[in-house]
2 protein chains.
Amino acid sequence: MITHMSAQQNPNHNHLLDALPRSIFERISPHLELISMPLGTVLYESGSQLQHVYFPTAAIVSLQYVMENGASAEIAGVGNEGILGVPIFMGGNNMPNRATVQTAGSIYRLKARQMMEEFNRAGGRRSGALQNLMLRYTQALLTQMSQTAACNRHHSVEQQLCRWLLSTLDRLPSNEMSMTQELIASMLGVRREGITETAGNLQRAGLIRYRRGHITVLDRPQLEACACECYGVVKKEFNRLLSHGTNKTNFPLHHRIQPSLPHQEFRANHP
Amino acid sequence: MITHMSAQQNPNHNHLLDALPRSIFERISPHLELISMPLGTVLYESGSQLQHVYFPTAAIVSLQYVMENGASAEIAGVGNEGILGVPIFMGGNNMPNRATVQTAGSIYRLKARQMMEEFNRAGGRRSGALQNLMLRYTQALLTQMSQTAACNRHHSVEQQLCRWLLSTLDRLPSNEMSMTQELIASMLGVRREGITETAGNLQRAGLIRYRRGHITVLDRPQLEACACECYGVVKKEFNRLLSHGTNKTNFPLHHRIQPSLPHQEFRANHP
DNA sequence: GAGAGTATGTTCGTTAGCACACATAAAGCG
DNA sequence: CGCTTTATGTGTGCTAACGAACATACTCTC
C-alpha cells in the first residue's frame, strides 16, 4: 500500500492514481500491490480472463496485436499516465490483445473486484470520480489507437520511429532508454534492418545517440519536427482529457516546428 | 419517436436501441428523431462540440482521421449495430475524428443531455443497463480500431478490400452496395487505381460483380477466405460483447441471407 | 581477458503500392 | 438526343519497405 503523496519525485507514482480524490484513493490504496515487472513480462494474453487492473509507475507496457502468422504490431503504449485492464470496467473482461512489458519497472496491481466496486460507486444521479476518470482515460486510449491506425497507413518508418521515441520518452524519468532496435522493430511491426538504418540516420543528424541496447535522445525539438503529427495529436488529447486537479498528467508539448514537405493530397473525401 | 418493435423486417431499427430494456427505451424514445442522411453528410468534424448521439439504422457512417496533408484513413465503421458520439458519455465530448455518411439512410438522433441522463441513471450500486450496453459497445469499438491499426500495418490492399466489403455488407439489407471505387479508396486510405485493379481481380474470380457505382457480392464465403483475419476477429468481438437478450445483434459469420429490401437510390454526386 | 551470445551494420534482389498521365465508357442532364 | 460529367481502365516509372544472408562488434560472463 502507498500513501497519497504529492511527491512528483517519487518514482512509484501513477498519474491516474494521483488524480483520484483523496477519499477514493484511501479506500483502494490498501488493496494496491506494488509489483516489479521485468522486461518481457506478459501481463495478459489475448483472450485470457483478466483478474486485475494495473497502474504502471516506472514500467511501460505495450498493447500489441499478434497476428495469425506471428507478426505483431503495437496498438498503444501505456505508462505511468494510464491503466491496463480497461475491459474489466468496460464490461467485456478481455480483449484480443497482448500486454507486454516493454520497459522494466514497477506496477500497482488491483483486483478486478475492488476496481469494479469503486467504479460502480455512484453518488445518486452522478457517476463517481473514479468512473469518470477511467472513462476519460479510455477515450484517450481510443484516440491513441485510432491515431496508430492512421499512422500505420500513411507515415514512414522514420516518422513513426520518432513518434515512438517521443512517446516513450514522455513516460521515462531521463532521456535515456534501454531498448534494442530489434525490440523497437517488433513494436512498430517493421523489420529490424529498417530501424537500424533509420536510427543510424537520426544519430548522424545528432538527434539521438545509441549504443548496444541504449538510446539517448539528444535533440528533442528536432525529433518532434521529424515525427509525424500523430505524436502531437495524441499528446494533446491526453492533456485535454486527463489534466485536472493535480497537474501531473500535464506534459508540455515542446515547440513543434513544421517543415513538413508539401505532400500531394490523397483526394479528400466528400468536398 | 418509434415504438419498441421486435420487427426485424422494419428497416428503421438499430441493434443497440433494440437491445435496451423496454422501460429504458420508453423513456428515451420520445426524444429520438429519425433523420434522413444523404451520402457525404458530415455528422461531426474533428474537434467540434458534439450535441447529439446518433443511432444509424439504414445509414452507415465512417469514422475517419484526416491528416494534415489531406490524406485520410477510416478508423472504424458504424452501422445499425452501433452508435456515434461515444465521446459524449465517455466524458471528452469530442474526438479528433470526422464522421462521414458512407451509405445514405436514416439515423436516430438523441440529444446529448437526454443521453447523459439515462447513462447516469443508476440503480444504487449497479450501473444502469444503458451504461452497460454503451460501455460494451465502446469496448467493441476499441477492438475495431486496434484491429484497423494492425491491419493497416500488415495486410495487403486485396485483403483489406475484402474485409471492408464484408463488414459493409453486414450492415446492409441486400448484397448490393452503392459505392464508387474512389470512395472505397478514400476509406481505406489507398489509391483509387489500387482499388480498380483489386476489384477487377475479384470480379474476374467471380467473387463480386460491379458496375459504375454499384458492387454486388456474389460469393461471400470466397470473399471471407480472401479477407484477412481482421474481419473475423472484429465480428467475433462484436458478437461476444453485444449479443444478449434479443439475438438481433448476433449475426452468423457465414451466409447472411436477407430478403432484399427496397432501398432508396441516391445521387452519386456530393452535395 | 577470452569466448559466447547477441546487437548492430550492410548488401542485393524483390515487390507492393505510389505518382502521374492519360484512354475509355457509363450515367445523368439539358 | 447529344453533351458533359464522372467512374473506371491502363501503362510507365519510381520508391519505401521487405526478405534473406551475411559481416562486424559490443558486453557480459566465466
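Keep in mind the model is a prediction, meaning the values are calculated, not measured. Throughout, a chain's letter reflects where its sequence line sits, starting with A, and its residues are numbered from 1.
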Engineer: Can a salt bridge be assigned to the pair Arg209(A) and Asp219(A) using a cut-off of 4.0 Å between side-chain N and carboxylate O?
Structural biologist: no
Engineer: Using side-chain hydrogen bond (donor to acceptor under 3.5 Å, both in side chains) as the criterion, list what pairs up with Glu45(A), not counting sequence neighbours.
Structural biologist: Arg98(A)
Engineer: Among all residues two or more places apart in sequence or in another chain, which pass the side-chain hydrogen bond (donor to acceptor under 3.5 Å, both in side chains) test with Gln144(A)?
Structural biologist: none
Engineer: Angle between the end axes of the helix from dG1(C)-dC30(D) to dG30(C)-dC1(D), five pairs per end, to the nearest 10 degrees?
Structural biologist: 30°
Engineer: Please report, rounded to the nearest Å, how far the C1' atom of dA21(D) is from the CD atom of Glu193(A).
Structural biologist: 10 Å
Engineer: Does the protein touch nucleotides 22-30 of chain D at the base, only the backbone, or not at all? Give it as B, S and - per nucleotide, heavy atoms under 4.0 Å.
Structural biologist: ---BBS---
Engineer: Report the residues that fulfil salt bridge (charged side-chain N to carboxylate O under 4.0 Å, His left out) with Glu229(B), sequence neighbours left out, ordered by chain and then residue number.
Structural biologist: none
Engineer: Among residues 59-74 of chain A, which ones have heavy-atom contacts with DNA chain D below 4.0 Å?
Structural biologist: none
Engineer: With sequence neighbours left out, what residues match Arg211(B) under side-chain contact (heavy atoms from CB on, under 4.5 Å)?
Structural biologist: Glu176(B), His214(B)
Engineer: The criterion is side-chain contact (heavy atoms from CB on, under 4.5 Å); which residues satisfy it with Thr148(A), sequence neighbours excluded?
Structural biologist: Asn152(A), Ala149(B)
Engineer: Could you state the atom-to-atom distance from CD of Glu197(A) to C1' of dC18(D) in whole Å?
Structural biologist: 12 Å
Engineer: Partners of Arg192(B) by side-chain hydrogen bond (donor to acceptor under 3.5 Å, both in side chains), sequence neighbours excluded?
Structural biologist: Thr196(B)
Engineer: Reckon Gln181(B) has a side-chain N or O less than 4.0 Å from the OP1 or OP2 of dT6(D)?
Structural biologist: no
Engineer: Looking at residues at least two apart in the chain, or sitting in another chain, which of them share a side-chain hydrogen bond (donor to acceptor under 3.5 Å, both in side chains) with Thr198(B)?
Structural biologist: none
Engineer: Just checking Gly194(B): base, sugar-phosphate only, or nothing, at a heavy-atom cut-off of under 4.0 Å?
Structural biologist: nothing
Engineer: Do you see a donor-acceptor pair shorter than 3.5 Å between the side chains of Arg171(B) and Gln102(B)?
Structural biologist: no
Engineer: Indicate whether OP1 or OP2 belonging to dA26(C) is found under 4.0 Å from a side-chain N or O atom of Tyr210(B).
Structural biologist: no
Engineer: What distance separates Gln181(B) CD from Arg191(B) CZ, expressed to the nearest 0.5 Å?
Structural biologist: 12.5 Å
Engineer: Distance check needed: dA16(C) C1' versus Leu161(B) CG, whole Å only.
Structural biologist: 15 Å
Engineer: Return the value, rounded to whole Å, for the distance between atom NE2 of His154(B) and atom P of dG19(D).
Structural biologist: 9 Å
Engineer: Can you tell me how far the CD1 atom of Ile75(B) sits from the CE atom of Met187(B), to the nearest 0.5 Å?
Structural biologist: 12.0 Å
Engineer: Separation of Asn201(B) atom CG from dG9(D) atom P, in whole Å?
Structural biologist: 11 Å
Engineer: We want to know whether Glu33(A) and Tyr108(A) form a side-chain donor-acceptor pair, criterion being a heavy-atom distance below 3.5 angstrom.
Structural biologist: no
Engineer: Under the side-chain contact (heavy atoms from CB on, under 4.5 Å) rule, collect the residues that match up with Ser106(A), sequence neighbours excluded.
Structural biologist: Asn12(A), Leu34(A), Thr57(A)
Engineer: Would you mind reading off the distance between Ile215(A) atom CD1 and dT8(C) atom C1', rounded to a whole angstrom?
Structural biologist: 12 Å
Engineer: Just the table, please: protein N/O against nucleotides 13-17 of chain D N/O, every pair under 3.5 Å.
Structural biologist:
| from | atom 1 | to | atom 2 | distance (Å) |
| --- | --- | --- | --- | --- |
| dA17(D) | OP1 | Val157(A) | N | 2.9 |

Engineer: Does the side chain of Tyr231(A) pick up a donor-acceptor pair with the side chain of Asp170(A) at under 3.5 Å?
Structural biologist: yes
Engineer: Can you check the Ile195(A) CD1 to dG9(C) C1' distance for me, whole Å?
Structural biologist: 14 Å
Engineer: For the pair made of CG in Asn152(B) and P in dC18(C), what is the distance, rounded to whole Å?
Structural biologist: 11 Å
